[in-house]
Amino acid sequence: MAKHTLPMPNGWFMVAFSGDVARGQIKGVRAMGKDLAVFRGESGAVGVLDAYCAHLGANLAVGGCVEADSVKCPFHAWRWDTAGKCVDIPYSDRIPPGARTKSYPVDEVNGQIYIWHHSEDKAPFYQVPKIEQYGDDDWTSDWVRYDWTLNSHPQEIMENAIDWPHFMQVHKMDQPSNRKSIFDGYMFHWIIDAGFSQNQYGESEALRLHGENYGLGFNLTRYNGAQQTISVGAITPIDSDRLSFINSVIGKKNGRSNEQVMGELRAQMEEQAKVVLQDFPIWENKMYRERPILCANDGPILEYRRWAKQFYSEPVA
Ligand code: FES
Ligand SMILES: [Fe+2]
């Protein structure tokens with residue numbers, strides 16, 4: 001049973017990495033409580049459609065195939081284009097007027113494919129930012145990734161960044177020496193200077209995290225230290241109380257080979273994953289307190305939640 005009362009959020013949500021959907025390929029994805037068919041046409045254009053054909057309901061992602069920039073249904077071979085319009089019925093000269101299926105606005109950016117989900121089908125009101133360093137020769141050539149699925153809601157995961165006291169209790173960090181959050185339209189920034197008196201190697205470590213969140217599905221975090229990295233945290237609801245959480249990272253090469261830095265990032269990701277996993281038992285077992293009792297040194301929980309309200313069509317507490 002869901003332990004929260006939060007509805008499906010509106011916004012951009014990642015459904016695949018670009019490299020996972022080649023030209024002519026179709027892939028079934030469960031996201032936003034729906035079964036979707038994600039495909040790449042022969043021109044390279046990506047379409048995301050409701051997986052179930054508007055004719056008699058076959059699943060386009062199971063046995064369907066791509067022809068030109070459309071998907072051919074495995075059941076009666078009707079073809080649907082990236083905008084969800086029926087473009088061919090092989091056994092009929094007339095296509096019924098209004099033969100359309102649900103399609104999602106798609107943004108392919110930074111080697112990742114995002115869909116726009118809106119409960120009332122309203123048009124996108126913000127964008128996923130383009131990361132200039134992605135594809136730059138001074139940076140690793142592709143994402144090193146790590147992914148999980150867990151029982152939670154994106155708002156709960158994002159709240160973690162400004163929930164300062166849990167850094168000490170759950171992650172065994174020192175009290176953050178500097179912390180800041182700015183809620184600004186569709187995004188919020190947060191900066192944390194923190195550290196470990198003793199990290200997993202028994203050493204002291206200082207770190208600065210600078211995060212930018214765009215909506216409830218996308219977070220960009222920059223680490224500036226010995227190794228410069230940029231990571232994307234993509235959180236996509238699968239169903240109302242289950243989500244996909246994908247972390248992906250690129251790093252600056254500083255004259256080293258791509259393979260070497262990718263290897264280092266993989267090792268780093270393994271370590272970071274241990275930190276993320278510390279949150280899992282909390283996330284998966286907590287409930288969403290609509291009216292929490294807070295103290296003076298808690299993070300800006302209520303401010304964050306007021307910011308998050310703009311991503312729902314329904315009223316939330
Ligand atoms: S169910 Fe798709 S063409 Fe008939
Ligand atoms: Fe955490």
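Treat the numbers as computed from the prediction; the structure is a model and nothing was measured. Counting starts at 1 for both ligands and their atoms, in listed order. Numbers here simply count residues along the sequence, with the first being 1.
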Colleague: Run the ring-centre check on Phe13 versus Tyr114 and record whether the distance is less than 6.0 Å.
Modeller: no
Colleague: Hey, which atoms in ligand 1 end up nearer than 4.0 Å to a heavy atom of Gly57?
Modeller: 1 (S)
Colleague: Can you find a pair of side-chain heavy atoms, one from Asp88 and one from Pro90, that are under 4.5 Å apart?
Modeller: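 Of all side-chain heavy-atom pairs linking Pro90 with Asp88, at least one is under 4.5 Å.
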Colleague: In degrees, rounded to 10 degrees, what angle do Cys53 atom SG and Cys73 atom SG make at atom 2 (Fe) of ligand 1?
Modeller: 110°
Colleague: For Phe188, is there any backbone N or O sitting under 3.5 Å from a side-chain donor or acceptor partner on Asp184?
Modeller: no
Colleague: Give me the residue, atom name and distance of the protein heavy atom closest to atom 4 (Fe) of ligand 1.
Modeller: His76 ND1, 2.0 Å
Colleague: State the atoms of ligand 1, each with its element, that fall below the 4.0 Å cut-off from a heavy-atom position in Trp78.
Modeller: 3 (S)
Colleague: What N, O or S atom of His55 is found closest to atom 4 (Fe) of ligand 1?
Modeller: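 Looking at His55, the N, O or S atom with the least distance to atom 4 (Fe) of ligand 1 is ND1.
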Colleague: Under 2.8 Å from the Fe ion (ligand 2), which protein N/O/S atoms are there?
Modeller: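 Near the Fe ion (ligand 2), below 2.8 Å, one finds Asn160 OD1, His166 NE2, His171 NE2, Asp279 OD1, Asp279 OD2.
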Colleague: Just to confirm my output: which protein heavy-atom neighbour is closest to atom 1 (S) of ligand 1, and how far is it?
Modeller: Leu56 N, 3.2 Å
Colleague: Would a line drawn from the ring center of Tyr186 to the ring center of Phe125 be shorter than 6.0 Å?
Modeller: yes
Colleague: Would a 4.5 Å heavy-atom cut-off, applied to side chains only, mark Ser244 and Ile246 as touching?
Modeller: yes
Colleague: Are Trp116 and Tyr126 near enough that their ring centres are under 6.0 Å apart?
Modeller: yes
Colleague: Less than 4.0 angstrom from a charged side-chain N to a carboxylate O is my criterion; do Glu303 and Arg306 meet it?
Modeller: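 Salt bridge between Glu303 and Arg306, a charged N being under 4.0 Å from a carboxylate O: no.
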Colleague: Is there a side-chain contact between Leu36 and Arg30, using heavy atoms and a 4.5 Å cut-off?
Modeller: no
Colleague: What atoms of ligand 1 come within less than 4.0 Å of a heavy atom belonging to Ala58?
Modeller: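 So the atoms of ligand 1 that pass are 1 (S).
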Colleague: With a 4.5 Å cut-off on side-chain heavy-atom distances among I, L, V, M, F, W and Y, is there a chain of contacts connecting Ile162 to Val316?
Modeller: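 Yes, one cluster joins them.
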